[in-house]
Amino acid sequence: MLDIKYITEHVDDVRRAIRDKGVASDLDRLLAVNERRRALQTEFDRLRSESNELGANMALYRNPKSKWHQDAVARGMTPDQIRAEAEKLQSRLTEIKNRVREIETESKGVIEEFDRLMLTVPQVPSAKTPVGPNAEGNVEVRRVGQPRRFDFKPKDHVELGESLGMLDIARGVKLAGARNYVLRGAGCRMHHAILRLALDVIAQRGFELMTVPILVNDDMMRGTGYYPGGEEQAYRCERDGKSLVGTAEVPLTAFHQNEILDEAELPRKYAAVSTCFRREAGAAGKDTHGIYRIHFFDKVEQVVICRADEAESERFHHEIIANAEAVLQALELPYRVMLVCTGDMGQGKVEMYDIETWMPSRGGYGETHSASRFGEFQARRLNLRYRDRDKKIRVCHTLNNTVIASPRILIPLWELNQNADASVTIPKALRPYMGGMERIEPQH
RNA sequence: GGAGAGGUGGCUGAGUGGCUUAAAGCGACGGUUUGCUAAACCGUUGUACGGGCUAAAACCUGUACCGGGGGUUCGAAUCCCCCCCUCUCCGCCA
């Protein structure tokens with residue numbers, strides 16, 4: 001969410017952001033509603049001011065013990081005269097009250113519409129961000145590592161997983177329907193090894209680890225920008241007004257909702273591992289093979305809450321991307337970093353990079369990480385602020401990135417490390433987390 | 001799930017319809033005093049949205065906010081209704 005003052009002062013920038021991002025947001029309507037909102041408030045304030053003043057007098061008329069009342073009697077006013085004065089006052093107050101009621105009724109609708117429209121206004125993308133309509137417009141920033149060439153016919157992760165007893169899709173589907181799966185034995189063990197490695201890396205890099213609720217109040221979904229708009233993507237518990245999160249970004253970013261932090265406490269760097277739930281509505285028929293697009297997975301997520309400083313926020317953006325790259329490099333996976341264009345980045349983002357990891361079965365790079373810089377978009381929705389050195393209250397900036405998400409990352413890990421004898425070699429970095437196991441062999 | 005007690009400023013805690021612009025204390029900050037520290041004394045002390053003055057602030061001014069939302073009233077922290085949350089006891093339970 002943007003500041004309404006910023007919007008009124010940068011109408012052209014906002015209009016361009018709406019166009020480039022391709023979001024539905026009626027800016028003209030918002031500006032008109034805002035004008036009406038202000039006019040109503042001005043009138044409301046004026047009437048209440050008068051009402052407060054006259055109301056205070058009323059108290060004096062009505063209270064025989066008040067100094068004013070005794071003075072009036074001393075001046076020679078009779079009780080009847082005082083009562084008549086009170087009646088006169090009261091009729092004016094009733095008049096005010098009626099008008100105030102009208103204003104309140106209209107304001108309710110106007111503010112509701114204002115709030116609703118405000119939630120649709122997109123953040124203005126950074127100057128660096130390429131303009132483009134969709135993922136086609138994303139720009140490759142760098143490549144690290146080489147895709148492997150096989151001198152035998154490689155299997156895909158489903159064949160490998162099932163033949164090595166690590167993956168059971170059929171039973172996952174039996175238990176919970178399409179896009180579900182079961183990791184078994186060494187597959188499950190490797191999954192947890194990856195998460196533990198990622199937690200160790202991120203903790204070592206100065207992030208505080210947390211265990212957070214993953215069924216959260218809907219405010220948090222709104223505050224982080226998933227609602228309105230993303231309701232179809234989430235498992236929502238209607239009767240509780242809560243939703244299962246699609247990422248630990250939600251509870252981590254909302255952790256300080258409605259708080260005013262001290263500048264000295266910033267930046268806050270948090271990380272959590274959580275199960276992530278996604279309905280994948282609208283993705284019917286897309287990526288249906290294997291464990292690429294599934295309804296639940298586990299992810300280690302990193303979040304930074306920092307000062308409202310563009311340069312600082314950019315620095316943290318690079319830092320959290322480097323953190324993810326460190327994990328990929330430890331796992332010896334080839335990947336590339338993409339700068340995401342306006343049409344593919346989402347409403348709330350100022351700048352966004354995706355990391356894509358090489359997946360032989362896809363014959364290309366597949367998204368495994370997403371690093372976003374939000375400016376104050378989320379913080380303003382969450383009312384997440386800090387007091388700066390000059391005691392001025394400012395809205396924080398937030399950022400986040402995947403550290404690792406599994407089992408999607410098992411796709412390249414299994415496929416790239418497979419051997420001609422149908423075994424899979426375990427990357428060195430994971431071995432300490434798997435009891436020193438070096439290789440997953442076919443069972444006989 | 002059942003029964004009860006609560007929710008007031010950074011914290012503690014008064015406040016049962018109007019001289020309350022929320023008392024008092026603590027803390028924090030500023031000042032006076034002091035060889036230093038402490039103490040004492042004096043002062044200040046929230047957030048949001050308008051308006052005024054500004055280059056911008058500071059500042060002045062209005063309104064709202066006593067868990068959230070409605071209602072009664074000329075007027076609500078205070079009375080009524082709904083919801084949320086916390087605590088205690090009971091039941092159930094990983």
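Convention: sequence-line order gives letters A, B, ...; per-chain numbering from 1. All values derive from a computational prediction rather than experimental measurement.
Here the two rings, on Phe297(A) and Phe277(A), have centers that are 6.0 Å apart or farther. Two rings, from His317(A) and Tyr353(A), have their centers less than 6.0 Å apart.
Comparing Leu54(A) and Glu50(A), the nucleotide of RNA chain B nearest to each residue sits closer to the 5' end for Leu54(A). When the nearest nucleotides of RNA chain B are assigned to Asn34(A) and Thr94(A) by heavy-atom distance, the more 5′-ward of the two goes with Asn34(A).
Pair assignment for G27(B): U45(B), on the basis of Watson-Crick or G-U wobble contacts that are both within less than 3.5 Å. Look at A3(B): its Watson-Crick or wobble partner, with both distances under 3.5 angstrom, is U88(B).
Rounding to whole angstrom units, CG of residue Asp388(A) and P of A57(B) are separated by 14 Å. One atom, CD of Glu104(A), and another, C1' of A64(B), lie 11 Å apart when rounded to the nearest Å.
Within the 4.0 angstrom heavy-atom criterion, only backbone atoms of the sugar-phosphate kind lie near Lys5(A); the bases stay farther away. Contact annotation for Ile393(A): backbone-only contact, meaning every heavy-atom pair under 4.0 Å involves sugar-phosphate atoms and none involves a base.
In this structure, the nucleotide among G70(B), U47(B), U63(B) sitting nearest to the side chain of Lys108(A) is G70(B). Listed nucleotides: U47(B), G62(B), G50(B). Nearest to the side chain of Ile4(A): G50(B). The nucleotide whose nearest atom lies closest to any side-chain atom of Arg387(A) is, among C74(B), U47(B), G50(B), U47(B).
A close approach under 4.0 Å does not occur between any side-chain nitrogen or oxygen of Arg48(A) and OP1 or OP2 of C65(B). At A64(B), one or more side-chain N or O atoms of Asn52(A) fall inside 4.0 Å of OP1 or OP2 (strictly under the cut-off). At least one side-chain nitrogen or oxygen of Arg385(A) sits closer than 4.0 Å to the OP1 or OP2 atom of A48(B).
Between the side chain of Asn180(A) and the main chain of Gly177(A), a donor-acceptor pair closer than 3.5 Å is present.
When each of Lys349(A), Glu351(A), Lys21(A) is tested with Pro125(A) by the rule side chain to side chain contact (heavy atoms under 4.5 Å, CB included), just one qualifies, namely Lys21(A).
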